[in-house]
Structure formats: C-alpha cells, structure tokens
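Comments concern the structure below.
Chain naming here is simple, since letters A, B, ... match the order of the sequence lines and numbering starts at 1 in each. Heavy-atom basis, side chains included; hydrogens, waters and symmetry copies ignored.
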2 protein chains.
Amino acid sequence: MTPPLHLSLAGQAVDVLREQVLTGEIPPGSRVNEVEVAQKLGISRGPLREAIRHLASEGLLRLVPHRGAFVPAADADEVKALFELRTALECAAAELAASRRTDVDLVRLQEVCAESRANYRAGQPFPYRLDLAFHQTLIDAARSPRIAEQVRLVQQRVVLLRSALEDDPPHQHASMDDHDELVLAIADGDAAGASTVMRRHLSRVCAQMLTSLNH
Amino acid sequence: MTPPLHLSLAGQAVDVLREQVLTGEIPPGSRVNEVEVAQKLGISRGPLREAIRHLASEGLLRLVPHRGAFVPAADADEVKALFELRTALECAAAELAASRRTDVDLVRLQEVCAESRANYRAGQPFPYRLDLAFHQTLIDAARSPRIAEQVRLVQQRVVLLRSALEDDPPHQHASMDDHDELVLAIADGDAAGASTVMRRHLSRVCAQMLTSLNH
DNA sequence: AAACTGCCAACTGTCGACAGTTGACAACGC
DNA sequence: GCGTTGTCAACTGTCGACAGTTGGCAGTTT
C-alpha cells in the first residue's frame with residue numbers, strides 16, 4: 001500500500017510556491033497575484049488559494065484582507081523574535097538528543113561534521129546545506145515529532161530571512177566548532193551542556209544575521 | 001446578510017468551527033462533512049474548505065486525502081509529544097518572563113493566583129479558565145511574540161485533548177502551588193528557577209492527563 | 001497647485017456545478 | 001460459508017463565473 005505519491009494540485013502548488021519563495025524567485029516584499037500564478041501553474045484559483053493559505057500558516061506569506069499575499073521582508077525585530085523561538089525549540093531538542101540518541105544518530109552527526117570540515121579544508125565555503133543537515137540530524141536524534149515539526153517550520157522562516165546573509169569565513173568556522181562541541185556533549189549524554197552550546201551557537205548566528213542585515 | 005462584514009466568511013467559519021471542536025460539540029474521532037457543515041453555516045464549500053485547512057494547520061483537525069477532516073482523538077503518545085513541545089516553549093517563556101517582566105506583569109500574575117486561591121477556598125474546583133489565564137499572563141510577560149503565538153496554539157491542542165481530564169483536587173492544589181512558586185521565581189528574576197518550576201509543573205500536568213487517559 | 005470627488009480597472013471573496021476517488025455493499029464464483 | 005469482483009452512492013478535488021472591495025486616476029473645485 002503505497003501512500004498516494006500523486007499529490008493534489010493544491011499540494012503540488014504548495015511545493016512549487018514554497019520553493020519559489022525560499023529561493024527568492026518571488027522576492028521579499030512582492031505580492032502574489034492569484035490569477036497570474038494560477039495560470040502560470042496551469043491550475044485554477046481554488047487550489048492555489050489553499051496553497052497560499054497553507055504557506056501563510058507556515059509564515060512564508062503574509063495575508064492582507066482584500067489585498068492579497070505578500071512575502072514578508074527581513075526585519076531586525078522579526079529576526080530576534082524568531083531566534084528566541086528557535087532557541088527555545090532547538091535547545092530543548094539538544095537536551096532530548098543528548099539523552100535519547102542512539103549510536104547511529106551519533107555517527108550521522110559526526111559524518112555531517114566531518115563533511116563540513118573536509119569541504120572547508122578544500123577551500124570551499126561552509127555550505128548552508130550542511131548546516132541545515134546538521135540541525136536536521138540533531139532534531140531527528142531528539143525523537144520528538146512535535147518539536148521536530150516546529151523546528152522545521154522555524155528553520156524555513158530563517159532561510160527566508162537569510163537572503164540578506166553574506167559569507168563570513170570566521171563565522172562559518174565558529175559554527176563548525178559549535179557543531180563539533182554539540183556532538184561531544186550529545187555523545188556524553190550531557191543534556192545541560194548540549195543546551196548551553198546550542199544557545200551560544202544560535203546566539204552567534206542570530207547576531208551575525210543582525211549585523212549583515214544592517215549593511 | 002450582515003451589514004458590517006468585517007470578517008470574511010472563511011474567517012467566521014474558522015471561529016465557529018474552532019469553538020465547536022474545542023467544546024466537543026464536534027466530538028473527537030468524528031468526521032467533518034463539507035457539504036453538511038457548509039449548509040449548516042449557510043456558506044459554500046470554498047470558504048469552509050479554507051477554514052478546515054486553517055484549523056488543520058493549528059492541529060485541531062487532521063486531514064486525510066480524499067477522506068476528509070477528522071477531529072484527532074486523545075492518544076498517550078500524542079499527549080507526551082505535545083507536552084514535550086509545550087515544555088520547551090513554556091520553560092523558555094518562563095525564563096524570559098523572569099528577566100523581562102515589569103511590575104505590572106507581576107501584579108497581574110499575583111492577581112490570577114489570588115483569584116484561584118479564593119475560588120478554591122470557596123469550595124469550588126480550580127477552573128481551567130484560571131489556569132489558562134495564568135499561563136497566558138506569563139507568556140505575555142515574556143514579551144516574545146513568536147513564542148507566545150506557538151504557546152497559544154499548543155495550549156489550544158491541549159484543551160482539545162483535555163476532554164478526558166477528570167477533576168482531581170490534589171492535582172489542582174499542586175498546580176496552584178506550582179503557580180505561586182513560579183511567580184516567586186519570576187519576581188526574583190530567577191530565570192533558571194522559573195524554568196525548573198515550569199518543567200516540574202508541566203511534567204505533573206502531563207502525568208495527570210496520562211493517568212486519567214487510561215481510565 | 002492642492003484637495004476633494006467620483007469613476008474605473010484589477011483583484012480578492014464567494015458560489016454553484018462537474019469530475020475523480022474512496023469505501024461499502026451486493027452479486028457472483030469457489 | 002468465504003473470498004472475489006463489479007457496481008454505486010457519497011464525498012472530496014477542481015473549475016469557471018459572478019459579486020464586492022480596494023487603490024489609483026482623472027476631472028473638478030477652491
């Protein structure tokens with residue numbers, strides 16, 4: 001019994017639109033015209049409206065009555081508020097991961113860290129893909145479905161605000177150090193330590209986003 | 001026709017449906033028939049579908065492709081997972097409240113506690129209304145809009161699962177003690193203490209829900 | 001020129017109808 | 001009797017069209 005891999009038009013529209021919003025193909029601040037996008041996707045306005053509402057509930061769009069849906073623009077206060085939420089969730093995830101992790105989880109985390117190091121030594125910048133992979137692996141190790149769900153949504157909103165992020169080698173290096181330290185704490189089953197490191201890590205990332213936002 | 005149509009039909013449907021789901025008027029496990037409910041509300045299926053999708057994003061309904069929307073039934077694993085999320089959020093809120101609270105916030109918290117005590121001494125059971133009011137006042141004192149938003153959604157889902165909750169005087173007394181202790185920690189600006197008390201409090205509430213679920 | 005007013009195009013909100021899928025029931029074969 | 005298969009009603013997914021609202025623009029007034 002394979003779950004219907006055939007997604008509804010609304011579901012497909014959600015995926016396409018989410019991609020376009022996150023990649024900046026639909027730039028922050030711009031409006032989403034229902035008839036225009038519906039024609040472009042080859043569907044009617046009904047499913048598209050449901051897709052727009054869904055993305056709005058994920059925080060990727062902002063709904064204004066009778067005016068339409070807008071892509072929220074990066075804003076300092078929004079970044080701070082969002083990182084307070086992210087910190088609450090990921091610190092809890094780090095604690096749970098430290099106490100629930102299996103050896104397989106540990107190997108996966110170490111692999112991601114090793115790949116990041118190798119990539120960095122090869123002279124390439126720390127790809128955001130690997131950063132996401134690390135945090136993803138960590139919340140999987142926490143084995144808390146509802147927390148994982150929320151973390152995914154928050155990280156998505158961070159990606160959206162990340163358009164104004166610039167490459168900063170020192171910051172990237174510090175992030176990799178944080179990740180390594182996190183793995184150590186999780187390996188030791190040190191919940192409090194993992195939480196502390198995660199808080200410091202996210203604090204650093206948040207600060208970096210705020211500074212690059214002011215440029 | 002409503003002369004001042006301030007809210008869209010979909011928005012009105014969201015409010016009505018949410019009320020019906022939370023009060024159990026639409027019992028857990030039952031299905032929401034689109035045509036039936038649409039006729040009962042006097043609207044067409046379009047706005048109702050948007051309302052259903054919205055409530056699903058809040059976790060008050062569960063969508064099954066080609067089958068419709070169901071009210072999720074209380075389940076032990078779900079309760080545990082939900083309380084892990086709630087604990088992560090409200091502990092963070094308690095910490096923030098301890099460091100950001102104003103004197104007005106403190107007075108409000110004390111007022112809610114005092115009202116609970118008076119109510120209890122009058123021989124009446126600790127109304128859930130006051131419990132909600134306390135947690136609401138606390139997250140307001142935390143001044144973190146994104147966290148507050150998520151806490152509201154989680155508490156709503158707890159209300160939904162709460163149908164199987166029975167009155168338990170000892171538990172109510174312990175809850176009020178926890179609240180008082182929380183206020184003391186927040187008054188002292190003791191973030192770590194507030195977080196610890198909150199964690200113990202929610203752990204107790206979760207355990208109580210789990211036991212009354214098995215009866 | 002600035003401000004006000006009425007009009008208009010564009011867009012969202014809403015509706016009724018059609019098409020595709022699902023689960024159940026009945027008829028059939030073993 | 002039990003399992004299989006064909007049929008069907010009910011419901012969700014989708015569409016095109018209509019109605020109401022919004023913001024802007026032209027024309028008018030002071």
Determine the contact category for [X]: base if any of its heavy atoms lies under 4.0 Å from a base atom, sugar-phosphate if only primed atoms, P, OP1 or OP2 are that close, otherwise nothing.
| X | result |
| --- | --- |
| B:Gly68 | sugar-phosphate |
| A:Arg67 | sugar-phosphate |
| B:Val64 | nothing |

>> Evaluate A:His54 against B:His54 for side-chain hydrogen bond (donor to acceptor under 3.5 Å, both in side chains), listing each step before the verdict.
In response: CA-CA 7 Å; A:His54 186 88; B:His54 186 89; over 6 Å; no

> Parallel, tilted or perpendicular for B:His201 and B:His179, by the 30°/60° rule?
Replying inline: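 Taking B:His179 first and then B:His201, their aromatic rings stand perpendicular (interplane angle over 60°).
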
> Does A:Arg53 place a side-chain N or O at less than 4.0 Å from the phosphate oxygens OP1/OP2 of C:dT12?
Replying inline: no

> Is any side-chain nitrogen or oxygen of B:Arg49 closer than 4.0 Å to OP1 or OP2 of D:dG13?
Replying inline: yes

Find the distance [X]:[atom1] to [N]:[atom2] and express it as a whole number of Å.
| X | N | atom1 | atom2 | result |
| --- | --- | --- | --- | --- |
| A:Leu63 | D:dT21 | CG | C1' | 16 Å |
| A:Gln39 | D:dC15 | CD | P | 12 Å |
| A:Glu50 | C:dT14 | CD | P | 14 Å |
| B:Ile52 | D:dC11 | CD1 | P | 13 Å |
| B:Ile43 | C:dG16 | CD1 | C1' | 14 Å |
| B:Glu34 | C:dC15 | CD | C1' | 14 Å |
| B:Leu48 | D:dT12 | CG | C1' | 12 Å |
| B:Arg45 | D:dC11 | CZ | C1' | 8 Å |

Among [options], which nucleotide has an atom closest to any side-chain atom of [X]?
| X | options | result |
| --- | --- | --- |
| A:Asn33 | C:dC11, D:dA17, D:dC15 | C:dC11 |
| B:Ser44 | C:dC15, D:dT14, C:dG13 | C:dC15 |
| B:Val35 | C:dT14, D:dT12, D:dT14 | D:dT12 |
| A:His66 | C:dG13, D:dT12, D:dG16 | C:dG13 |
| A:Arg31 | D:dT14, C:dT14, C:dC11 | C:dC11 |

> Backbone N or O of A:Arg53 within a donor-acceptor pair of the B:Glu50 side chain at under 3.5 Å?
Replying inline: no

>> Determine whether B:Val32 and B:Phe70 satisfy the following criterion, side-chain contact (heavy atoms from CB on, under 4.5 Å), listing intermediate values before the conclusion.
In response: CA-CA 6 Å; B:Val32 177; B:Phe70 296 80; over 6 Å; no

> Between A:Gly46 and A:Pro65, which has a closest nucleotide on DNA chain D that is more 5'?
Replying inline: A:Gly46

> If you fit an axis to the five pairs at each end of the helix from C:dA1-D:dT30 to C:dC30-D:dG1, how big is the angle between those two axes, to 10 degrees?
Replying inline: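 The end-segment axes of the helix from C:dA1-D:dT30 to C:dC30-D:dG1 are tilted 10° relative to each other.
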
> Could you go step by step and tell me if A:Asn33 and A:Val35 meet the side-chain contact (heavy atoms from CB on, under 4.5 Å) rule?
Replying inline: CA-CA 6 Å; A:Asn33 186 316; A:Val35 293; 3.0 Å; yes

> Should B:Ile52 and B:Val37 count as side-chain neighbours, where that means a heavy-atom distance under 4.5 Å?
Replying inline: no

>> Before you tell me yes or no, could you show the steps for B:Arg146 and A:Glu84 under side-chain contact (heavy atoms from CB on, under 4.5 Å), namely the whole-Å CA-CA distance, both residues' side-chain angles and the distance that decides it to 0.1 Å?
In response: CA-CA 8 Å; B:Arg146 296 288 86 81; A:Glu84 281 177 5; over 6 Å; no

> Got a salt bridge between B:Asp105 and B:Arg100, using NZ or NE/NH1/NH2 to carboxylate O under 4.0 Å?
Replying inline: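 B:Arg100 and B:Asp105: not salt-bridged.
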
